Participant: 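Sharing a structure here in C-alpha cells format.
Here the structure is a predicted model, which is why all the values come from computation and not from measurement.
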Amino acid sequence: MQTLNWRGARLPARKPLDGETVRLEPLDPSRHGDELFAATAGADATWDYLAYGPFSGREEFLGWLAARAPLEDPFTYAIIDGEAGSARGLTSLMRIDAPNGVIEVGHIWLSPALQRTRQATEALYPQARYVFDELGYRRFEWKCDALNEPSRRAAERFGFVFEGIFRQHMVIKGRNRDTAWF
C-alpha cells in the first residue's frame with residue numbers, strides 16, 4: 001500500500017490561462033458570445049457528440065452561454081485564438097473532485113477555423129499545467145463518446161492513456177452513448 005499523505009487539491013479560480021498562441025478566458029457571454037456565435041457558422045457537425053447544440057439561432061446560443069458561464073462545474077473557458085484575437089472555441093474543467101485530486105477536461109468545442117491548428121493543440125496545455133502545477137491535482141481525465149474517433153485520437157496525441165469503455169454510460173440526444181475513458 002502506497003501512502004501519499006494526500007491533502008487534496010484546490011478548486012479552479014476565475015482567471016485566464018495563457019499559452020503561446022492561445023488564451024483561455026473564463027467564459028463571459030458579453031465578451032465572447034458574438035465571436036463564438038459567428039464561429040459556429042457552418043459548424044453543425046461539430047456538435048454531433050456533445051449533449052447540446054447545434055443551436056437554432058443567436059438568442060438560443062447566447063442563452064445557453066449565459067446559463068453555462070456562472071457554473072463552477074463545469075467551469076468553462078473561451079479559447080481565444082491569439083493570431084485572430086477572437087474566441088473560437090470552448091473547453092471546460094469538470095467533474096471536479098478536489099478532495100481526491102481528480103479533474104476532467106471536457107465539453108471541448110472547436111470551431112472549424114480552430115480545428116487542426118496549432119492553437120487547438122495548444123489549448124489543452126495551459127489547462128494541464130494549471131491543474132497539476134498550480135492546483136495540485138494528481139489525475140487529469142478525458143472522456144468522450146466512444147464513436148468520436150477524432151476526440152479519441154486527440155486524447156492519445158495529448159498523452160492520455162486509454163482505460164476502457166463504459167457501456168451505455170449516458171443517453172445523449174436520444175441514443176445510448178458508450179464513453180471512452182482516458
Side-chain angles (χ1 to χ4, degrees), residues 9-29 31-40 43 45-55 61-62 64-98 102-135 137 139-145 148-160 172 179-182:
R10 295 189 333 242
L11 295 173
R14 291 199 175 275
K15 69 176 215 168
L17 306 176
D18 289 312
E20 287 183 33
T21 64
V22 295
R23 179 169 207 187
L24 305 182
E25 295 179 357
L27 179 61
D28 177 351
R31 170 157 160 43
H32 306 120
D34 286 329
E35 292 173 353
L36 288 167
F37 180 71
T40 68
T46 63
W47 302 99
D48 285 352
Y49 297 107
L50 296 170
Y52 38 79
F55 300 92
F61 180 73
L62 293 179
W64 176 76
L65 288 181
R68 186 167 205 79
L71 299 176
E72 297 296 323
D73 190 353
F75 183 95
T76 303
Y77 295 93
I79 302 170
I80 311 302
D81 177 343
E83 191 173 295
S86 63
R88 297 231 170 131
L90 298 169
T91 183
S92 297
L93 294 175
M94 58 188 278
R95 298 183 190 266
I96 300 167
D97 182 358
V102 180
I103 196 166
E104 178 182 341
V105 61
H107 294 289
I108 300 168
W109 178 81
L110 303 175
S111 69
L114 196 59
Q115 293 172 10
R116 291 177 295 283
T117 66
R118 177 179 178 201
Q119 292 86 340
T121 300
E122 194 206 338
L124 181 72
Y125 292 105
Q127 285 179 300
R129 188 173 54 238
Y130 180 56
V131 161
F132 288 121
D133 296 347
E134 291 186 44
L135 300 178
Y137 284 80
R139 182 174 168 88
F140 194 35
E141 297 176 338
W142 177 300
K143 299 180 194 96
C144 63
D145 190 311
N148 188 345
E149 287 298 326
S151 185
R152 292 178 71 164
R153 283 192 306 272
E156 290 176 343
R157 186 174 68 247
F158 291 130
F160 287 86
I172 300 293
T179 298
W181 193 304
F182 295 84

Participant: At what distance, to the nearest 0.5 angstrom, does OG1 of T91 lie from CZ of F75?
Facilitator: 11.0 Å
Participant: Side-chain donor-acceptor pair under 3.5 Å between T40 and W109, yes or no?
Facilitator: no
Participant: To the nearest 0.5 Å, how far apart are CG in D97 and CD1 in I103?
Facilitator: 9.5 Å
Participant: Mark yes or no for whether D73, through its side chain, and R95, through its backbone, hold a donor-acceptor pair below 3.5 Å.
Facilitator: yes
Participant: Could you pull out all residues at least two apart from Y49 that satisfy ring pair (Phe, Tyr, Trp, His ring centres under 6.0 Å)?
Facilitator: none
Participant: Going by the rule salt bridge (charged side-chain N to carboxylate O under 4.0 Å, His left out), which residues pair with R152 if we only count those two or more places apart in sequence or in a different chain?
Facilitator: none
Participant: Rounded to the nearest 0.5 Å, what separates atom CG in L93 from atom CD in Q127?
Facilitator: 5.0 Å
Participant: Measure the acute angle between the ring planes of W142 and F158, then classify it against the limits of 30° and 60° as parallel, tilted or perpendicular.
Facilitator: tilted
Participant: Quick check for you: to the nearest 0.5 Å, what is the distance between R118 atom CZ and E83 atom CD?
Facilitator: 9.5 Å
Participant: Got a sec: does the CZ of R157 have more than 12 other heavy atoms crowding it under 6.0 Å?
Facilitator: yes
Participant: Report the distance from atom OH of Y77 to atom OH of Y130, rounding to the nearest 0.5 Å.
Facilitator: 5.0 Å
Participant: Restricting to salt bridge (charged side-chain N to carboxylate O under 4.0 Å, His left out), what partner residues turn up for D34, sequence neighbours left out?
Facilitator: R58
Participant: Does P70 offer a backbone N or O that forms a donor-acceptor pair with the side chain of R14 under 3.5 Å?
Facilitator: yes
Participant: Aromatic rings W47 and F61: how do their planes relate, parallel, tilted or perpendicular, breaks at 30° and 60°?
Facilitator: perpendicular
Participant: Are side-chain heavy atoms of I79 and R88 found at a separation under 4.5 Å?
Facilitator: no
